[in-house]
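Structure below; questions to follow.
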Amino acid sequence: MVAIRRLSWICLWLALPIAAAQTSATSTRSPLLEPAALATLIKQSSVRVIDIRDGRNAQGKTPYDVGHIPGAIDAPYRFWRGPDKAPGRMRDQDYLGELVQRLGVERDTLAVVVFEGRDFTDFGAAARVYWTLRYIGVEHAAILNGGMHAWRAAHLPVDNADVKIVVSDFDPQPQTQLVATRDQVQKLLGQPKARLLDARPKGYFTGDTASPLAKRPGTIAGASNFDSDFWFRDGSAVMLPVAELRALAEKNGLIDDGTTVSFCNTGHWAATNWFVLSELLGEKDVKLYPESMVDWSATDLPMDNVPPRGKQLWLQLKAALAH
């Protein structure tokens, strides 16, 4: 009997490292991973690194071709966005479900989004993909803080080998509570427990800068402005520590028990504000308006800070020439 007990304890002791390896990825629940933390996870089968970098160099190679985190899958940002004239428009459920399946992501996979890491705008792409994953029903997701810039700066390995993935049987389960539609935003106008949070640089909010895709400069009536750049260190793509993020949010009155709708021009910068408030600071009712001002400004719904018609035409011309 003693021998049997000893054997049982030995088997249990040997099994513990295996069980720990299987659960450590999904128990690493921080939505923002530092490079060193990701480096300890990349060999686990329950982790999928999703490289969303876009573009090609002079030799026609993509950033992924040139070098990526070992085991990462190529899924450029354009795969996650809408059409050229409405890039904030959400892809339909079937498309997103098939995309997640092709990436080999299961419901309990830790899906880590990797971007280049140039600046806060670049982070917005990662935040939008993260939000999309959470919307479609992926339970565990994270963003690499600082992107590939931070990974390389930490002297961590880079690979250019192709990665073969087994297609998953992921079943989409849209989390509609994460989305604010135009109609829903309209119903929140003037509501004392609702905050419409404009994530754009101040010039867009004040109507002094225009998106080439928006019909009118300005912002949604009653909105407040918090530039998503404020969450980062010195204009980089490295986010501030959570304690500093919370202090910044509290100082700007962003912590409360109401509903917050984050928006920008096309749901890109806005995804960063959503990510910080919802995922890092734990605010309970934060939504993203995916199509944002490109959608809202195309209607006759109320707006603030709309300049006179002559200035509007000048701003739209200026924006078109800049693009």
Side-chain angles (χ1 to χ4, degrees), residues 31 46-56 62-65 68 71-116 121-144 162-185 213 261-272 274-275 278-279 286-296 298:
S46 59
V47 176
R48 185 73 70 235
V49 179
I50 302 172
D51 191 325
I52 66 166
R53 293 175 296 163
D54 246 319
R56 292 183 182 274
T62 67
Y64 181 87
D65 294 333
H68 54 78
I73 321 161
D74 189 24
Y77 188 42
R78 66 181 182 275
F79 289 7
W80 307 87
R81 296 290 266 168
D84 290 344
K85 292 188 177 181
R89 185 180 302 160
M90 293 173 62
R91 298 277 196 161
D92 64 47
Q93 177 180 324
D94 289 342
Y95 173 90
L96 291 174
E98 289 176 9
L99 175 57
V100 170
Q101 289 171 355
R102 292 200 307 271
L103 297 176
V105 173
E106 303 284 1
R107 190 163 306 284
D108 60 351
T109 299
L110 175 60
V112 183
V113 182
V114 174
F115 62 114
E116 184 57 42
T121 291
D122 201 18
F123 188 100
R128 177 62 187 248
V129 172
Y130 175 103
W131 176 85
T132 304
L133 289 167
R134 297 287 289 117
Y135 163 76
I136 204 64
V138 176
E139 295 179 355
H140 308 294
I143 296 174
L144 175 61
D162 291 333
V163 177
K164 293 183 179 179
I165 294 298
V166 177
V167 175
S168 78
D169 58 359
F170 179 83
D171 181 25
Q173 294 185 10
Q175 306 297 300
T176 57
Q177 75 276 8
L178 302 181
V179 184
T181 65
R182 184 205 301 164
D183 289 344
Q184 289 171 330
V185 174
L213 298 176
V261 175
S262 183
F263 70 95
C264 55
N265 288 321
T266 64
H268 179 104
W269 287 320
T272 297
W274 174 88
F275 176 78
S278 173
E279 306 300 276
V286 187
K287 305 176 187 296
L288 179 71
Y289 179 12
E291 296 184 58
S292 289
M293 288 308 301
V294 169
D295 176 63
W296 189 270

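The figures here come from the full heavy-atom set of this structure, side chains too, leaving out hydrogens, waters and symmetry mates. By convention here, the first residue in the shown sequence is residue 1.
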Original post:
Under 4.5 Å between any side-chain heavy atoms of L213 and N265, yes or no?
Top reply: no
Original post:
Which heavy-atom pair separates R128 from P290 by the least distance, and what is that distance?
Top reply: NH1-O, 3.4 Å
Subject >> Flag side-chain contact, heavy atom, 4.5 Å: D74 against H68 >> reply: no
**OP:** Taking the side chain as every heavy atom from C-beta outward, state whether R91 and L99 have any pair of such atoms under 4.5 Å apart.
**Re:** no
**OP:** Measure the shortest side-chain to side-chain distance between H140 and T109 over non-hydrogen atoms and say whether it is less than 4.5 angstrom.
**Re:** no
**OP:** Inspect the surroundings of CG in D92 and state if more than 12 heavy atoms from other residues, nucleotides or ligands are less than 6.0 Å away.
**Re:** yes
Subject >> Derivation and outcome, side-chain contact (heavy atoms from CB on, under 4.5 Å), residues F123 and F115 >> reply: CA-CA 7 Å; F123 188 100; F115 62 114; 3.5 Å; yes
Original post:
For residues T266 and R81, is any side-chain donor paired with an opposing acceptor at under 3.5 Å?
Top reply: yes
Original post:
Can you find a heavy atom in the side chain of D295 that is under 4.5 Å from one in the side chain of F263?
Top reply: no
**OP:** Looking only at non-hydrogen atoms, find the nearest pair between A180 and V261 and report the distance.
**Re:** CB-CG1, 3.8 Å
Subject >> Any side-chain heavy-atom pair of R182 and Y289 under 4.5 Å >> reply: yes
Original post:
Does the pair L178 and L288 meet the rule for a side-chain contact (heavy atoms from CB on, under 4.5 Å), with working shown?
Top reply: CA-CA 6 Å; L178 302 181; L288 179 71; over 6 Å; no
Original post:
So, do W274 and E279 sit near enough that their side-chain heavy atoms are less than 4.5 Å apart?
Top reply: yes
Original post:
Hey, does W131 have a side-chain heavy atom less than 4.5 Å from the side chain of V179?
Top reply: yes
